[in-house]
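We count ligands from 1, going down the list as the structure has it; atoms in each ligand are counted the same way.
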Amino acid sequence: MRFDVLTLFPGMFPPVLSDSIIGRAQAKGLLELNFINIRDYTTDKHGRVDDYPYGGGAGMLMQAEPVVRAFRAITADLDYRPVCIYMTPQGQVFRQETARRIAKDFSHVVLLCGHYEGIDERALEEIVDFELSIGDYVLTGGEIPAMAVIDAVSRMIPGVLGGQEESFREESLYDGKLLEYPQYTRPEVFEGKRVPEVLLSGHHANIESWRKEQSLLRTKMKRPELLEEET
Ligand code: ADE
């Protein structure tokens, strides 16, 4: 799977995405990440990429030209058009099901990160297929949302998680639909608190049903709305 990120701040990405599972996925060739600096595509001699909004109002807008030129530079050598997703609080809220669908339906995704007060509407009309928000709050730019999308989608790609995690992930019950059950590791007693007896019993069926029950209980207590939703 390939992600190309269009951003004014390409340096934000490698420190976050070069380590751990996402770093290994790239090393294994399962994932290709490219960070493209929109500023490299301005024709302004001072390297300017923003300007005042027509009609007035607070802040600056990203200009259409460098954004569209950056996108066209990606697609120039391709015989297909990659899907382009704009990260904005105006988009559909990104959920586990969205991550699953992107991983399944697309092999090449362009993520467009806005800054300042947004991007000239004509660039969005020209290149964007759909918009995603990572939640109902406003960040200073689309970079952190893009990283969240890359991370959540990449772990759905076969081979990216280790064998055990992968089979766990495929049990859709625990992947975005129910909260995880409580987990324990050694020691058996920590500051007087014992690990629940059933987990020490070696009785797999009992362990399984205890975990399911705990998952349901936790979801009911902490996130009851998850049980009412369809995804
Ligand atoms: N850009 C700024 N805030 C955002 C959010 N919540 N989701 C996606 N992109 C954004």
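Ion pairing of Arg211 with Glu213 is absent here, as no side-chain N (NZ or NE/NH1/NH2) approaches a carboxylate O to less than 4.0 Å. For the pair Arg24 and Asp19, the salt-bridge criterion is not met [side-chain N within less than 4.0 Å of a carboxylate O]. Salt bridge status for Glu126 with Arg72: present, with a side-chain N to carboxylate O gap under 4.0 Å.
Residue contacts with ligand 1 for Pro145 involve side-chain atoms from C-beta outward but no N, CA, C or O (heavy atoms, distance under 4.0 Å). Counting heavy atoms under 4.0 Å from ligand 1, residue Ile134 touches it through both backbone and side chain.
The atoms of ligand 1 that sit less than 4.0 Å from any heavy atom of Gly141 are 1 (N), 2 (C). Heavy-atom contacts of Gly135 reach the following atoms of ligand 1: 6 (N) (cutoff under 4.0 Å). If you number the atoms of ligand 1 from 1 as listed, the ones under 4.0 Å from a heavy atom of Leu132 come out as 8 (C).
Using a 4.5 Å heavy-atom threshold, the side chains of Asp51 and Leu61 count as separate. Considering only heavy atoms from C-beta on, Leu111 comes within 4.5 Å of Met87 through its side chain.
Checked against Phe35 for a ring-ring contact (aromatic ring centres under 6.0 Å, His included), the options Phe9, Phe3, Phe13 give a single hit: Phe13.
Of the candidates Leu139, Leu112, Ile85, Leu139 brings a heavy atom nearest to atom 2 (C) of ligand 1.
Residue Thr88 places at least one N or O, backbone or side chain, under 3.5 Å from an N or O of ligand 1.
With hydrogens and angles disregarded, no donor-acceptor distance shorter than 3.5 Å links the side chain of Arg218 to the backbone of Leu179.
The protein atom (non-hydrogen) at minimum distance from atom 4 (C) of ligand 1 is Pro89 CD, 3.6 Å. Here the heavy atom of the protein found nearest to atom 6 (N) of ligand 1 is Tyr137 O, 2.8 Å.
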